[in-house]
Amino acid sequence: MRIVVDVMGGDHGCAVVIEGVKQALESNGKIAELFLVGRQEEIQAALTQTRLHDPRLKVVHASEVLTMHDKPVEGLKKKKDCSILRAVDLLRDGQADALISPGNTGGLVAAATIRLRKLDGVDRAGIATVIPTEENEFVLLDSGANVECRPLHLAHYAVLGSVYSREILGYKRPRVGILSNGTEDNKGNELTLEAFKLCKQIDLNFIGNVEGHDLFHNKVDVVICDGFVGNIVLKTIESFAK
């Protein structure tokens, strides 16, 4: 397993990220290589601070950082040597298998879309968040990539989320539901009502609409919504958990 970590752009500096890298390397022998991408002098200082010395580490210098204040597409055009782009390029070129970044989420989605392209048949990338409950884990999709979606996008997310739940989380027949303001088939807005019709035509374990209070009672494994609603749900859960 080869992992690339963009260590720049986080809220607390790259030393915090590298401390997490240290813990990962110590606990997981399956990591064959780990690339640290960012400003070399800052990475070297953090490696010294955290006393991290591991032969599996490789430092890839990137002179620029896409900050949280940069607009994703514009920022990527101006900062062609930013750490997010350099990290995604390692994936594109087959040097790494997975990417982790604490940086600009929109920038990461845009960089992956531009450099890696989307799967055939998928119109828009989405952010999938795995959320644990007492009895199961559910996938929330989209968690913030697209604040405005069409019904077909939600249908795509239903397929993507179901495959992820089955292949990665191990649920044989993931229960897929659309987040709405009621479980009745006629509840929702134009987006969810049309997406409901599309999902009924797909070979999925589609259970229909689910409400907010269904999420933590083991009633659904994949929750579909647009990125506007999904991001609010995600941040509400994060705040409530704290």
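Values reported hereafter were calculated over all heavy atoms of this structure, with side chains retained and with hydrogens, waters and symmetry mates removed. Please read these numbers as outputs of a predicted model, since none were measured by experiment. Residue numbers count from 1 along this sequence.
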Undergrad: Are more than 12 heavy atoms from other residues, nucleotides or ligands located less than 6.0 Å from atom CG of D203?
TA: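 For D203, atom CG is not crowded (no more than 12 foreign heavy atoms under 6.0 Å).
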Undergrad: Look up atom NZ in K71 and atom NZ in K77, then write down how far apart they are to the nearest 0.5 Å.
TA: 12.0 Å
Undergrad: Are D70 and N104 close enough, and set up right, to give a side chain to side chain donor-acceptor pair (under 3.5 Å), and what steps lead you there?
TA: CA-CA 8 Å; D70 287 321; N104 186 313; 5.9 Å; no
Undergrad: Identify whether L85 and V5 are in the same connected component of the hydrophobic contact network (ILVMFWY, side-chain heavy atoms under 4.5 Å).
TA: no
Undergrad: Ignoring hydrogens and geometry beyond distance, is a side-chain donor-acceptor pair present between R175 and N218 at under 3.5 Å?
TA: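 On atom types as modelled, these side chains qualify, holding a pair under 3.5 Å.
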Undergrad: With distance as the sole criterion, is a donor-acceptor pair present between the side chains of D81 and S63 under 3.5 Å?
TA: yes
Undergrad: Quick one: do R150 and D123 make a salt bridge, cutoff under 4.0 Å?
TA: yes
Undergrad: If every non-hydrogen atom of L191 is compared with every non-hydrogen atom of P151, which pair is closest and at what distance?
TA: CD1-N, 3.5 Å
Undergrad: Once rounded to the nearest 0.5 Å, what's the spacing between atom OG of S165 and atom CD of E137?
TA: 9.0 Å
Undergrad: Could you walk me through whether T183 and N209 pass the side chain to side chain donor-acceptor pair (under 3.5 Å) test, one step at a time?
TA: CA-CA 5 Å; T183 57; N209 291 331; over 6 Å; no
Undergrad: Using the side-chain hydrogen bond (donor to acceptor under 3.5 Å, both in side chains) criterion, which residues pair with R56? Sequence neighbours excluded.
TA: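 R56: side-chain hydrogen bond (donor to acceptor under 3.5 Å, both in side chains) contacts with D54.
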Undergrad: Starting at CG of L91, measure out to CG of L99 and round the result to the nearest 0.5 Å.
TA: 5.0 Å
Undergrad: Do the side chains of I237 and I178 join up, straight or via other hydrophobic residues, at under 4.5 Å, putting them in one cluster?
TA: no
Undergrad: So how far is it from D11 CG to M68 CE, rounded to the nearest 0.5 Å?
TA: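 If I round to the nearest 0.5 Å, the distance is 5.0 Å.
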Undergrad: Would you kindly say whether N146 and Y157 are connected by a side-chain donor-acceptor distance under 3.5 Å?
TA: yes
Undergrad: Just wondering, do L234 and I232 contact through their side chains at under 4.5 Å, heavy atoms?
TA: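 Sidechains of L234 and I232: no contact.
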Undergrad: Can you tell me how far CG of L52 sits from CG of L57, rounded to the nearest 0.5 angstrom?
TA: 5.0 Å
Undergrad: Quick check for you: to the nearest 0.5 Å, what is the distance between C14 atom SG and L36 atom CG?
TA: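 The CG atom of L36 is 9.0 Å from SG of C14, to the nearest 0.5 Å.
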Undergrad: At their closest point, which heavy atom of D89 faces which heavy atom of R115, and how far apart are they?
TA: OD1-NE, 2.6 Å
Undergrad: Does a side-chain heavy-atom distance below 4.5 Å link I207 with N205?
TA: yes
Undergrad: Hey, are E184 and K187 close enough for a salt bridge, meaning a charged N less than 4.0 Å from a carboxylate O?
TA: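 Salt bridge between E184 and K187, a charged N being under 4.0 Å from a carboxylate O: yes.
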